[in-house]
S.K.: 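Let me give you the structure first, and then I'll get to my questions.
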Amino acid sequence: MYHLDEIRKDFPILQRTIYNKPLVYLDNAATTQKPLCVTNAISEMYNTLNANVHRGVHFLSQRATDLHEAARERVRSFINARSAAEIIFTRGTTEGINLVASSFGEAFLSEGDEVIVSTMEHHSNIVPWQLLRDRKGIVLKVIPIDDAGNLDMDGYEALFTQRTKLVSVAHVSNVLGTINPVKRLAEIAHAHGAKILVDGAQSTPHFAVDVQDMDCDFFAFSGHKVYGPTGIGVLYGKESLLDSMPPYHGGGEMIARVTFEHTTYERLPFKFEAGTPNYVGTHALATALDYVSVLGMDVISAHERELTAYAMEQLRSLPGIKFFGESAEKDAVVAFNIADIHPLDLGTLLDRLGIAIRTGHHCAQPLMQRYGVESMARASFALYNTKAEVDAFVAALDRVRKMF
Ligand code: PMP
């Protein structure tokens, strides 16, 4: 059973007020709030177990190493990777994508080779490829979308040529909420001899992910969006592919032997983890993954889908509302504009009523251009949000609307 009252007690920040109003936090696609077990894991680690990992023979170092490597195993099982060697710890989704652009790009892409992204990508899945384009002369191609926010699958297939080497797409759009058919996208990419990277920043918090089932070659996500701390993330890659790629950063931890003449590299995943890892972050991330797994990703998903459908239904009754993203396969994100109220004004006035939403371009300016707007308002839901909060949000929105 899903006991929201009990669950909400796990998140102390949800009890606070903003301008003397109860906080209604609907900016979960930007980052989620943290349960006590996660913040406790961080303070316990620093207060009782802190030591640098991997190189120490002493008790604390070994214990910290055990927790850090146990976290890797925890991530492996969370996304159902075949091996823990395929789990590379990063700072977040952005770093994971940059790692692939840099390392896969170095090994496998040359002038004229093509990378496919989609119209709905976050800037972090656009700019790294543009940087690579500047360095290597690759060609960036873009999958079109329809008005409801679905990928144009025929348009996708039509983009492939002999030179297409990689597809890089969001699992779930952080604006439209569209859940992209990544399994089918992967099949098509593979049929054309290309690899596929899936940006899982907005999927891992909301439903169970299985990298073997979707058969992606790379999968990146961020800890802070799935109730873990900031500054920790994961890049999954198929082992044989990662093995064939050069290191991304050089330094300690990633080497086997160094002389001034020649350096050999550590085995996976350490080859891609130069420097002291964020071992407190990995342990806290594993704690967060345990937390959502105990609740059950399927249960979380059902709750959030219901809440999103309810929010859409309530909002639809407001005159002048326009939604962006009405795919049948939609996750817990509602992007909208209302009448000709500027989203920034909307966000500012809602804030005075204790309601946190996000407004702006959502790091997806090409998507804004696709819909012919500069900015949108966005409410996004998490496992702890309630129908009462949706009601408060809709009532506040109506109040603000009437002020204009
Ligand atoms: N991709 C998507 C779809 C996102 O929503 C985000 C975060 N808004 C990112 C990538 C980047 O994640 P991070 O900033 O944690 O690296």
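Along the sequence shown, residues are numbered consecutively beginning with 1. Order of appearance sets the numbers: ligands from 1, and atoms from 1 within every ligand.
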S.K.: With the threshold set at under 4.0 angstrom, would you say H171 reaches ligand 1 through any of its heavy atoms?
M.R.: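 Heavy atoms of H171 never come under 4.0 Å of ligand 1.
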S.K.: Counting only heavy atoms, which portion of D199 has something under 4.0 Å from ligand 1: side chain, backbone, both, or neither?
M.R.: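 Just the side chain.
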S.K.: Below a 4.0 angstrom heavy-atom separation, can you tell me which part of E121, side chain or backbone, both or neither, approaches ligand 1?
M.R.: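 No part of E121 is near ligand 1 at this cut-off.
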S.K.: What atoms of ligand 1 come closer than 4.0 angstrom to any heavy atom of N174?
M.R.: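 Those qualifying, in numeric order: 5 (O).
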S.K.: Does the cation-pi check pass for R352 over Y19, that is, NZ or CZ under 6.0 Å from the six-membered ring centre and within 45° of its axis?
M.R.: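 Yes; both conditions hold, so R352 lies above the ring face of Y19.
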S.K.: Give, for atom OH of Y25 and atom CD1 of I18, the distance between the pair rounded to the nearest 0.5 Å.
M.R.: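 One finds 10.5 Å between OH of Y25 and CD1 of I18.
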S.K.: Could you tell me whether K225 approaches ligand 1 through its side chain, its backbone, both or neither, with non-hydrogen atoms closer than 4.0 Å?
M.R.: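 It is the side chain that gets close, since no backbone atom is under 4.0 Å.
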S.K.: When you measure from atom 5 (O) of ligand 1 to every protein heavy atom, which one gives the shortest distance, and what is it?
M.R.: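 Here the closest protein heavy atom is Q202 NE2, 2.7 Å.
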S.K.: Atom 16 (O) of ligand 1: which protein heavy atom is closest, and how many Å away?
M.R.: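 Nearest neighbour among protein heavy atoms for atom 16 (O) of ligand 1, to 0.1 Å: T94 OG1, 2.6 Å.
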S.K.: Classify the angle between the aromatic ring planes of Y227 and Y384 as parallel (below 30°), tilted (30 to 60°) or perpendicular (above 60°).
M.R.: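 Perpendicular, since the angle between the ring planes exceeds 60°.
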S.K.: Quick one: CG on L295 to CD1 on I300, what's the gap to the nearest 0.5 Å?
M.R.: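 Rounded to the nearest 0.5 Å, the CG-CD1 separation comes out at 5.0 Å.
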S.K.: Using a 4.0 Å cut-off to any heavy atom of S124, which atoms of ligand 1 qualify?
M.R.: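 It comes down to these atoms of ligand 1: 1 (N), 9 (C), 10 (C), 11 (C).
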S.K.: Determine all donor-acceptor pairs shorter than 3.5 Å in which one atom belongs to a side chain in residues 162-169; sequence neighbours excluded.
M.R.:
unit_1, atom_1, unit_2, atom_2, d
R163, NE, D113, OD1, 2.9
R163, NH2, E111, O, 2.7
R163, NH2, D113, OD1, 2.9
T164, OG1, E114, OE1, 2.7
T164, OG1, T161, N, 2.9
T164, OG1, T161, O, 3.2
K165, NZ, D113, OD1, 3.1
K165, NZ, D113, OD2, 3.0
S168, OG, N125, OD1, 2.7
S168, OG, N125, ND2, 3.4

S.K.: Hey, looking at atom 12 (O) of ligand 1, which of P205, A220, S222 has the closest heavy atom?
M.R.: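 Checking each option, the heavy atom nearest atom 12 (O) of ligand 1 is found in S222.
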S.K.: Taking the six-membered ring where the residue is Trp, are the ring centres of H171 and F207 under 6.0 Å apart?
M.R.: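 Yes, they do, as the ring centres are separated by less than 6.0 Å.
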S.K.: If we set the cut-off at 4.0 Å for heavy atoms, which region of A170 has an atom near ligand 1: side chain, backbone, both, or neither?
M.R.: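 No part of A170 is near ligand 1 at this cut-off.
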S.K.: Mind telling me whether F11 and Y291 have parallel, tilted or perpendicular rings, with 30° and 60° as the class edges?
M.R.: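 Aromatic pair Y291/F11 classed perpendicular.
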S.K.: Measure the distance from atom 4 (C) of ligand 1 to every protein heavy atom, then report the residue, atom name and distance (to 0.1 Å) of the closest one.
M.R.: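 Going atom by atom, the protein heavy atom closest to atom 4 (C) of ligand 1 ends up being H122 CD2, 3.4 Å.
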S.K.: Is the distance between the ring centroids of Y236 and F78 under 6.0 Å?
M.R.: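 Between Y236 and F78, which both carry aromatic rings, the centre distance is not below 6.0 Å.
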